[in-house]
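I have placed the structure first, in the form of structure tokens, so that the comments after it can refer back to it.
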Amino acid sequence: MLHWCEIGTLKTVFDWTMQLCCPVSEDIRQRAWKISKHLRKAFGFAILPAMAEESLFTVEDLQCPVCCEIFDVPVILGCKHSFCKTCILRHWDRMGTRQCPLCRRTERSSRPAINLSLKLATDVFKQKPEQFMVKSVERCSIHNEELKLFCRKDAELICVACTSSRSHKNHEYCPITEAASEIMKELTSRYNPLKKQLTTFEKLKESLVELETYIQKQAAETAAEVKQEYEKLHTILREEEAARFMVLQNEKDSKTVMVREKLEEVNKSIEELSDIIKYIEPIIIADDLTFLKECKEAIKRTSYTAPETEYPKRALIDVLQYLGSLKHGVWKRMERDVHYCSVSLDPNTAHPNLIIKDELTTVIYGKKQQLPDNPERCTSRMAVLAANGLNSGKQRWYVEVAQSREWYIGVARESINRKTAVFLNPREGFWVISNNEESYWAQTSPRTRLTLKKPPQIITVELDYDKGKVSFSDSADGSSIYSFKDKFTERIFPYFSTGIKEGSILRICAL
């Protein structure tokens, strides 16, 4: 176990020997390294930088930039560049100024401090050079010296000798590490936005792939629903067709029976008359004696009166009943089963928890569905907008609210915020009334409590765009519930929200 006094003693000896430029004995060196490693492991710091032992320096790092030889006594300037002590002093004498040969920064002190890390690493290298890495060195093609500087003007790697050449004279240059750091900052500042753009496009690509898949699914589901609705219409048409054929068949049968009965009566009369005529004809051509004998019976038979038989009236098929205004008749038949609503819901704006049914007239709160987060979709509230908006004129619709314990109905601007939560008031683009557990409110700012005589089953909503008016009334008796008065500057859409009560249903009623 090392004692603090021992650590202090070794550090003092080491610093003293470094300042005197004396070689450190192997015993002191080994003890110093052990102390340094122990402190690094136990306390997170070390007296000596762990460089030579861990080979963090390369051979090139131990070379003086001026003489290109292994450091003799390395000193460090204020700009953090290191040189041999003799090299830097000789350079200053020759130049007449204390400037760094690499960055030209003026050094304040005439006696720069010794770089202890490099001194240690240099001493170790002289004894154990095999512990150091040797990296490949790129050399100047003109001076055959190592490229250690970067010319900012020409954006080229140069050697120290190039700084005095014509091609780079009076240019601004700096050490490679410094240039790399500066350019790295510039490149990073440009690279990061590109990386963010790439991430954005990758997310968009993923969303578009999901969107394409959903479009196929949505088209298939829509086609199935269209087919189902047309099948309902086909059923009505087939029923209407069968009904007409049945009536036609009944008329044909009844009129055929009538004609056949008439025909039987006529055939019977023909037969009876034929028998009388056959009896009288021979008597008429007989001699007088025979005639007189038979005339009494003949006259008696001629007194026969056949029953009156006329050509039947309205015996033909009543074609007008079946072909006259056939389409109109079918349409009137459909009108009993097909209802028209002035407002249809837009499923592409519906919150994922809302299910749209019954030809886009009913909205039900249910389980969350996997739907694209398209810009039109309302995700901040359990809401859905109508498919068509209004930018002039009037429109009226009826909303059945009897099967929803919580609801919000009214109108909203096209530009409402659909992705983040906002207050439902005219300032945010909503003109809405609501109910929550039989507590009715007009969503003004602040809210206005509404007092109703009885809970409405169906509410009439009337929008007058030009007058800037939205009115709510009870459809049962026409009593007014509330009216908003404002000025509209963009398209206004009917707005529906079921709240978050399980099984809540809002239904747009037929006119």
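Since this is a predicted model, take the numbers as computed values, not measurements.
Taking each heavy atom of Val432 and Phe484 in turn, the nearest pair found is O-CZ, 3.4 Å. The two residues Asp466 and Gly393 come nearest to each other via the heavy atoms OD2-N, 3.3 Å. Among all heavy-atom pairs drawn from Gln369 and Asn353, the shortest one is NE2-C, 4.5 Å. Across all their heavy atoms, Ile355 and Gly366 have their closest contact at CD1-CA, 4.3 Å. In terms of heavy atoms, Val160 sits closest to Pro65 at CG2-O, 3.8 Å. In terms of heavy-atom proximity, Ser167 sits nearest to Asp154 at O-OD2, 3.7 Å.
With contacts defined as side-chain heavy-atom distances shorter than 4.5 Å, the pair Leu157/Leu149 does not qualify. In this structure, the side chains of Thr163 and His171 stay at 4.5 Å or more apart for every pair of heavy atoms. Between His81 and Ile76, the closest side-chain pair of non-hydrogen atoms is not below 4.5 Å. Counting heavy atoms from C-beta on, the side chains of Ile505 and Thr362 come closer than 4.5 Å. With a 4.5 Å cut-off on side-chain heavy atoms, Arg449 and Ser439 count as touching. The side-chain heavy atoms of Phe150 and Lys148, taken from C-beta on, include no pair separated by under 4.5 Å. Here the side chains of Ile481 and Leu450 are in contact, with some heavy-atom distance below 4.5 Å. Inter-residue side-chain proximity for Arg418 and Ile416 is flagged as met; some heavy-atom pair is nearer than 4.5 Å.
Checking Ser82 against Asn115 by side-chain atom types alone, a donor-acceptor pair falls below 3.5 Å. Remark: the Gln457 side chain and the Asp474 side chain contain no N/O donor-acceptor pair separated by less than 3.5 Å. Side-chain contact check for Gln443 and Ser434: at least one donor-acceptor pair (N or O, by modelled atom type) lies under 3.5 Å. Side-chain atoms of Ser475 and Thr460 include a donor-acceptor pair closer than 3.5 Å. Side-chain atoms of Thr420 and Asn417 form a donor-acceptor pair, as typed in the model, at a separation below 3.5 Å.
For the salt bridge (Lys or Arg N to Asp or Glu O under 4.0 Å) with Glu178, the lone residue among Arg152, Lys80, Lys185, Arg105 that qualifies is Arg152. Here the rule is side chain to side chain donor-acceptor pair (under 3.5 Å) with Asn348, and of Arg377, Gln218, Glu376 only Gln218 fits it. The only option from Phe493, Phe488, Trp431 that meets the ring pair (Phe, Tyr, Trp, His ring centres under 6.0 Å) definition with Tyr465 turns out to be Phe488. The ring pair (Phe, Tyr, Trp, His ring centres under 6.0 Å) with Tyr495 is formed by just one residue from the set Tyr408, Phe430, Trp397; it is Phe430.
No salt bridge links Glu264 with Arg260; every basic N to acidic carboxylate O contact stays at or beyond 4.0 Å. A salt bridge between Arg98 and Glu107 is absent, with no side-chain N of the basic residue lying under 4.0 Å from a carboxylate O of the acidic one. Glu490 has a carboxylate O that lies under 4.0 Å from a charged side-chain N of Arg413, or vice versa, which qualifies the two as a salt bridge. The pair Glu251-Arg314 fails the salt-bridge criterion, with no side-chain N (NZ, NE, NH1 or NH2) lying under 4.0 Å from an Asp/Glu carboxylate O. With respect to Lys232 and Glu229, a salt bridge is recorded, a charged nitrogen being found less than 4.0 Å from a carboxylate O.
The number of heavy-atom neighbours closer than 6.0 Å to CD of Gln370, taken from other residues, nucleotides and ligands shown, is 12 or below. Under a cut-off of 6.0 angstrom, the local environment of CE in Met184 is sparse, with at most 12 non-hydrogen atoms contributed by other residues, nucleotides or ligands. Counting non-hydrogen atoms of neighbouring residues, nucleotides and ligands closer than 6.0 angstrom, the NZ atom of Lys469 reaches no more than 12 such neighbours. More than 12 heavy atoms of other residues, nucleotides or ligands lie within 6.0 Å of OH in Tyr322, so this atom counts as buried by the packing criterion. Within 6.0 Å of atom CG in Asn388, 12 or fewer heavy atoms from other residues, nucleotides or ligands are found, so the atom counts as exposed in its surroundings. By the 6.0 Å contact criterion, CD on Glu212 is open, its count of non-hydrogen atoms from other residues, nucleotides or ligands being 12 or less. More than 12 non-hydrogen atoms from other residues, nucleotides or ligands lie less than 6.0 angstrom from CD1 of Ile183. Within 6.0 Å of the NZ atom in Lys419, the count of heavy atoms belonging to other residues, nucleotides or ligands exceeds 12.
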Evaluation steps, side-chain contact (heavy atoms from CB on, under 4.5 Å), between Ile433 and Trp441: CA-CA 6 Å; Ile433 64 172; Trp441 301 87; over 6 Å; no

Worked check of side-chain contact (heavy atoms from CB on, under 4.5 Å) between Lys205 and Phe201: CA-CA 6 Å; Lys205 176 184 176 181; Phe201 276 106; over 6 Å; no

Intermediate values then yes/no, salt bridge (Lys or Arg N to Asp or Glu O under 4.0 Å), Arg190 and Glu186: CA-CA 6 Å; Arg190 298 187 180 189; Glu186 180 181 359; 3.2 Å; yes

Val384 vs Thr349, side-chain contact (heavy atoms from CB on, under 4.5 Å): CA-CA, chis, key distance, verdict: CA-CA 5 Å; Val384 59; Thr349 67; 3.5 Å; yes

Worked verdict on Glu462 versus Arg396 for salt bridge (Lys or Arg N to Asp or Glu O under 4.0 Å): CA-CA 4 Å; Glu462 186 169 359; Arg396 178 186 298 170; 3.4 Å; yes

Stepwise side-chain contact (heavy atoms from CB on, under 4.5 Å) check, Lys252 with Ile317: CA-CA 7 Å; Lys252 183 195 74 170; Ile317 298 297; 4.2 Å; yes

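Between Leu237 atom CG and Arg333 atom CZ the span is 9.0 Å, to the nearest 0.5 Å. Going from atom CZ of Phe496 over to atom CD1 of Ile409 covers 7.5 Å, rounded to the nearest 0.5 Å. Here the CG-OG1 distance, from Leu194 to Thr188, works out to 11.5 Å after rounding to the nearest 0.5 Å. Note that CG of Leu354 and OG of Ser497 are 7.0 Å apart. Values are rounded to the nearest 0.5 Å. For the atom pair CD (Glu210) and CG (Asp373), the distance works out to 10.5 Å, reported to the nearest 0.5 Å. With rounding to the nearest 0.5 Å, the separation of CG in Leu147 from CZ in Arg139 is 9.0 Å.
A tilted orientation is assigned to the rings of His234 and Tyr230, their planes being inclined by 30° to 60°.
Remark: side-chain polar atoms of Asn425 are paired, donor with acceptor, to backbone N or O of Glu428 under 3.5 angstrom. At least one donor-acceptor pair closer than 3.5 Å links the side chain of Lys255 to the backbone N or O of Leu316. Checking side-chain atoms of Gln395 against main-chain N and O of Ser342 turns up a donor-acceptor pair under 3.5 Å. Proximity of a side-chain donor or acceptor of Ser325 to a complementary backbone N or O of Gly329 within less than 3.5 Å is not detected. A donor-acceptor pair under 3.5 Å links the side-chain atoms of Thr361 to the main chain of Asp358, judged by distance alone. The backbone N or O of Lys203 sits less than 3.5 Å from a side-chain atom of Ser207, completing a donor-acceptor pair.
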